[in-house]
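The chains referred to below are lettered A, B, ... by the order of the sequence lines, with proteins before strands, and numbering in each begins at 1. Because only heavy atoms are used, hydrogens play no part in the values below, and waters and symmetry mates are left out as well, while side chains stay in. This is a predicted model, so every value here is computed, not measured.
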There are 2 protein chains.
Amino acid sequence: MNAQVVSMQDARTRATCSQAFPVADLSSLFARQPVERFAPAQAVFWQGDEATHIFEVTVGMLRALRLLGDGRRIIVGFLRPGDLLGVSLKERYLYTVEAVSSVELRRFPRRRFEDEVARHSNLQQQLFSRLRDEMTAAQDQAVLLSRRSAEEKLANFFLLMGQNQNCKQTSIVDLPMTRLDIADYLGMTIETVSRTITKLANSGVIATPERRSVTVLKMETLRSLADGDESDYWTPSPYRVRSMHPPVFEGGGA
Amino acid sequence: MNAQVVSMQDARTRATCSQAFPVADLSSLFARQPVERFAPAQAVFWQGDEATHIFEVTVGMLRALRLLGDGRRIIVGFLRPGDLLGVSLKERYLYTVEAVSSVELRRFPRRRFEDEVARHSNLQQQLFSRLRDEMTAAQDQAVLLSRRSAEEKLANFFLLMGQNQNCKQTSIVDLPMTRLDIADYLGMTIETVSRTITKLANSGVIATPERRSVTVLKMETLRSLADGDESDYWTPSPYRVRSMHPPVFEGGGA
DNA sequence: CGTTATGTTGACATTAATCAAGCACGGTGG
DNA sequence: CCACCGTGCTTGATTAATGTCAACATAACG
């Protein structure tokens with residue numbers, strides 16, 4: 001199978017000592033670890049490095065990026081306080097993580113992390129939950145990149161960045177990353193990012209008082225530009241009538 | 001935290017009865033379930049449905065798609081034998097899954113699935129591993145969609161579809177899905193898909209003897225068109241063979 | 001202050017989307 | 001068996017959008 005199995009104890013062993021030291025949540029694992037600081041543009045780890053640690057962000061923002069063979073740079077996500085990095089990895093890090101702003105984080109050895117998680121069922125639950133959230137985010141990015149116009153992408157991006165960890169929307173959106181970061185995240189060029197922001201500002205949907213933040217003036221307009229995506233308002237009925245092909249054999253047969 | 005927690009037993013309870021019935025692997029959970037058949041275009045479940053079951057594909061291909069508010073259709077992945085779907089753990093499926101070809105699969109109640117996984121540490125390992133693979137797949141799609149030209153996208157797509165579950169490349173690539181499916185997966189139009197395939201065929205990189213398959217004539221050229229992507233070329237050897245688990249496809253969330 | 005990174009704007013080129021027509025194949029019914 | 005559709009696919013002409021190249025503006029930094 002793969003490497004982390006060797007770090008997991010046999011189930012019987014685990015059962016005997018399980019819950020000896022209950023751990024409230026994943027974050028509490030990191031609480032006693034020393035804080036590490038990273039300056040903007042400093043890397044935490046590189047794509048291809050051996051994945052020895054899990055990290056929890058406490059302050060600041062980071063970018064996760066992949067470098068392609070021809071030098072192109074693709075940002076696969078931005079990380080904020082409360083986010084973990086390194087949980088979804090195998091033996092090696094799949095991407096480079098660099099600080100965008102000044103960052104503080106704590107690290108925890110991966111082996112020990114997996115060990116603790118294996119010991120405590122509540123941690124398992126939380127880890128699954130995190131993985132699922134991460135997966136949803138990755139898929140949302142794929143949806144974001146699919147077929148949307150520059151305007152739609154930016155509108156979505158502002159809404160995404162405008163929601164804090166508790167999912168509440170704020171009208172002033174902090175953008176600590178550069179235009180190049182945004183471009184590499186949305187799959188477009190800096191020029192198009194810049195032009196589109198200008199266009200949105202000219203049409204009064206947003207204002208750009210500072211370089212690294214935007215203020216949303218017309219939230220509803222922005223939402224309608226962002227359009228169909230995001231949010232769970234799957235209209236129950238009208239989509240259902242799709243299969244033109246005759247249903248052949250259904251149900252639990254065979 | 002969320003719904004599945006209620007289906008999980010308390011850790012102590014679980015510990016007392018753990019390993020009473022060891023289960024070899026995730027697939028064996030499905031082995032005794034009846035086979036269900038689905039005709040092409042028939043849906044297995046819809047986006048927004050309550051996520052009551054986990055499925056394992058045994059034969060055929062399916063597509064996982066999301067419908068946007070304005071009617072656009074985005075295919076977030078294709079599923080093949082060995083893939084799981086619906087593992088995602090939240091209350092509702094994130095997307096619709098439909099059969100592309102004739103499909104056979106087995107279903108397993110989600111509650112029981114989670115229960116079994118919680119009970120057996122080896123299943124947990126496997127599930128984590130699958131989730132990790134799926135994460136990678138979702139990120140790969142994001143990379144694929146980022147900034148690539150039509151030619152690069154198609155080249156990557158053929159390479160992706162040309163590798164079977166054991167990651168071996170075959171030179172004849174089966175394409176059971178329609179051009180529209182490909183277009184909605186790669187974020188382009190059917191016309192561009194068609195034109196690009198024609199172009200690749202004219203330049204002798206591939207041949208298209210049948211409508212639903214292509215033969216790769218110049219694998220190296222195709223790879224160089226696909227370019228830097230598909231990550232694992234910066235890691236020396238053991239990477240290609242890392243995972244014996246096919247990716248999981250996840251359906252819950254939101 | 002001068003120098004460098006970052007961001008904006010303009011002119012132009014290129015790509016892919018759109019609109020539209022026609023082809024190829026499979027199925028149906030005469 | 002063949003004519004007729006319908007669907008999926010291909011191809012062409014045109015348009016709209018974004019990328020590219022280049023100049024300049026502005027903020028950041030020593």
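The interatomic distance linking B:Glu152 (CD) with D:dG19 (P) rounds to 13 Å, in whole Å. If you measure from atom CD1 of A:Ile190 to atom P of D:dT18, you get 16 Å, rounded to the nearest angstrom. Between B:Asn202 atom CG and D:dT11 atom C1' the separation is 12 Å, expressed in whole Å. Regarding B:Leu154, its CG atom lies at a distance of 15 Å from the C1' atom of C:dT15, rounded to whole Å. For A:Arg195 and D:dA22, the CZ to P distance is 15 Å, given to the nearest whole Å. Atom-to-atom, CG of B:Asp184 to C1' of C:dA17 comes out at 14 Å; the value is rounded to the nearest Å. Regarding B:Ile197, its CD1 atom lies at a distance of 16 Å from the P atom of D:dG8, rounded to whole Å. Remark: P of C:dA16 and CD1 of B:Ile182 are 16 Å apart, rounded to the nearest angstrom.
At a cut-off of 3.5 angstrom, the base of D:dT26 holds no donor-acceptor pair with the side chain of A:Arg212. Remark: the B:Glu191 side chain and the C:dC19 base include a donor-acceptor N/O pair separated by less than 3.5 Å. No donor-acceptor contact under 3.5 Å links the side chain of A:Arg179 to the base of D:dT26. A donor-acceptor contact under 3.5 Å is not formed by the side chain of B:Arg211 with the base of C:dG26.
Along DNA chain D, the nucleotide nearest B:Leu180 and the nucleotide nearest A:Met188 are compared for position; the residue whose nucleotide lies closer to the 5' end is B:Leu180.
Distance from the side chain of A:Thr189 is smallest for D:dT20 among the nucleotides C:dT9, D:dT10, D:dT20. Taking the side chain of B:Ala150 as heavy atoms from C-beta on, and the options D:dT20, C:dA16, D:dG19, the nearest nucleotide is C:dA16.
Distance check, rounded to the nearest 0.5 Å: CG of B:Asp140 to CG of B:Leu144 gives 8.5 Å. Note: B:Arg212 CZ to B:Asp174 CG = 10.5 Å, rounded to the nearest 0.5 Å.
Only one option out of A:Phe38, A:Phe108, A:Phe45 pairs with A:Phe55 in a ring-ring contact (aromatic ring centres under 6.0 Å, His included); it is A:Phe45.
Between A:Thr192 and D:dG19 there is a side-chain N or O to OP1 or OP2 distance below 4.0 Å.
Among the heavy atoms of the strands lying under 4.0 Å from B:Thr178 are primed sugar atoms or P, OP1, OP2 only; no base atom is included.
By the 4.0 Å N-to-carboxylate-O rule, B:Arg132 lies too far from A:Glu134 to be salt-bridged with it. Look at B:Arg92 and B:Glu50 and you find no salt bridge, because none of the NZ, NE, NH1 or NH2 atoms lies under 4.0 Å from a carboxylate O.
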